[in-house]
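Working notes, beginning with the structure itself.
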Amino acid sequence: MDIETVNSLSYEEFIELFGGVVERCPLAAAAVWSRRPFGCVSDVEAGIGEFIDSLSESGKEGLVRCHPDLAGRELASGTLTAESQREQEGAGLASLQAEEAAQIAGLNREYKQRFGFPFVICARTSDKAAILQQLQQRLRNLRSQELLHAVQEIKKICHLRLQDLLHRAPPKL
Ligand SMILES: NC(=O)NC1=NC(=O)NC1=O
């Protein structure tokens, strides 16, 4: 999709297309809308990154809390967003052995109790072994470090979701 097409989208079309780039946070796309016309497609990503960076600490924590647990109840109950479902399945989280699932669930619970927000990692650039290793390692970090780390991972997730959207034929909205 070229930048002219993106710039020609109505607000509703823009939100329909980009509203899920930041998990369960269409506000990011709604905020970036104001920056059109975009010079190039990476301007959309830059705008989302700047929106995220402009959030207060509690705003960033809220953004992290919008992310579903890895291999959590939502994956089990099929209530993940389509993007998260694909990402988690792709990392092998939909076919865990019982003990692997229990281990991740326990670590997620411990992480959330310690930091007050969920463990977030870009599942598409990871796999279940690396996720387990990262969960155990990052549990030992400071809360401030983990908030920064989670935001970095959210930006990676956004980058890949945007690549999917922008490198496909114009939507038949
Ligand atoms: N807690 C998470 O990291 N969730 C996720 N990461 C992804 O890449 N997709 C998710 O749903």
Side-chain angles (χ1 to χ4, degrees), residues 15-29 32 41-42 44-49 51-53 55 57-168:
I15 285 294
E16 186 175 332
L17 195 59
F18 296 111
V21 166
V22 182
E23 180 66 7
R24 292 177 174 152
C25 182
L27 171 61
V32 167
V41 292
S42 57
V44 179
E45 181 170 351
I48 289 175
F51 169 80
I52 291 174
D53 292 341
L55 292 172
E57 182 165 330
S58 61
K60 289 185 176 88
E61 288 171 9
L63 193 68
V64 178
R65 291 186 189 113
C66 286
H67 286 69
D69 283 347
L70 291 166
R73 270 196 300 275
E74 293 190 70
L75 176 62
S77 60
T79 53
L80 289 174
T81 58
E83 296 91 342
S84 280
Q85 179 73 29
R86 269 197 307 275
E87 290 154 355
Q88 295 205 24
E89 282 179 355
L93 298 178
S95 54
L96 296 175
Q97 303 294 323
E99 62 275 10
E100 290 173 317
Q103 191 183 9
I104 286 187
L107 288 167
N108 271 331
R109 200 168 29 252
E110 189 181 346
Y111 185 99
K112 214 179 282 186
Q113 278 167 357
R114 179 168 159 72
F115 297 119
F117 48 77
F119 173 78
V120 174
I121 192 169
C122 179
R124 281 170 72 171
T125 56
S126 194
D127 60 24
K128 66 179 179 182
I131 287 168
L132 263 175
Q133 188 273 334
Q134 282 289 300
L135 239 177
Q136 287 159 327
Q137 182 179 321
R138 287 173 47 187
L139 251 174
R140 295 195 291 270
N141 286 341
L142 297 174
R143 189 173 194 279
S144 54
Q145 288 172 314
E146 276 308 295
L147 186 57
L148 284 176
H149 206 139
V151 167
Q152 285 167 346
E153 293 300 312
I154 289 170
K155 288 181 178 176
K156 286 184 203 170
I157 296 168
C158 290
H159 171 74
L160 294 172
R161 289 184 180 185
L162 271 172
Q163 293 301 309
D164 291 345
L165 290 170
L166 295 172
H167 290 184
R168 71 178 199 184

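When a ligand or atom number is given, it counts from 1 through the structure's own listing order.
- In this structure, Glu110 does not pair ionically with Arg114, as no charged nitrogen and carboxylate oxygen lie closer than 4.0 Å.
- With sequence neighbours excluded, no residue forms a side chain to side chain donor-acceptor pair (under 3.5 Å) with Ser95.
- Within 6.0 Å of atom CD in Glu99, more than 12 heavy atoms from other residues, nucleotides or ligands are found, so the atom counts as buried in its surroundings.
- By the 6.0 Å contact criterion, CZ on Arg143 is enclosed, its count of non-hydrogen atoms from other residues, nucleotides or ligands being greater than 12.
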Stepwise side-chain hydrogen bond (donor to acceptor under 3.5 Å, both in side chains) test for Ser84 and Arg161
CA-CA 10 Å; Ser84 280; Arg161 289 184 180 185; 3.3 Å; yes
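- Nearest heavy atom pair, residue Leu135 against residue Leu107, reads CD1-CB, 3.7 Å.
- For ligand 1, the 4.0 Å heavy-atom shell takes in Pro68, Leu70, Ser84, Glu87, Gln88, Phe119, Val120, Ile121, Cys122, Ala123, Ile157, ordered by chain and residue number.
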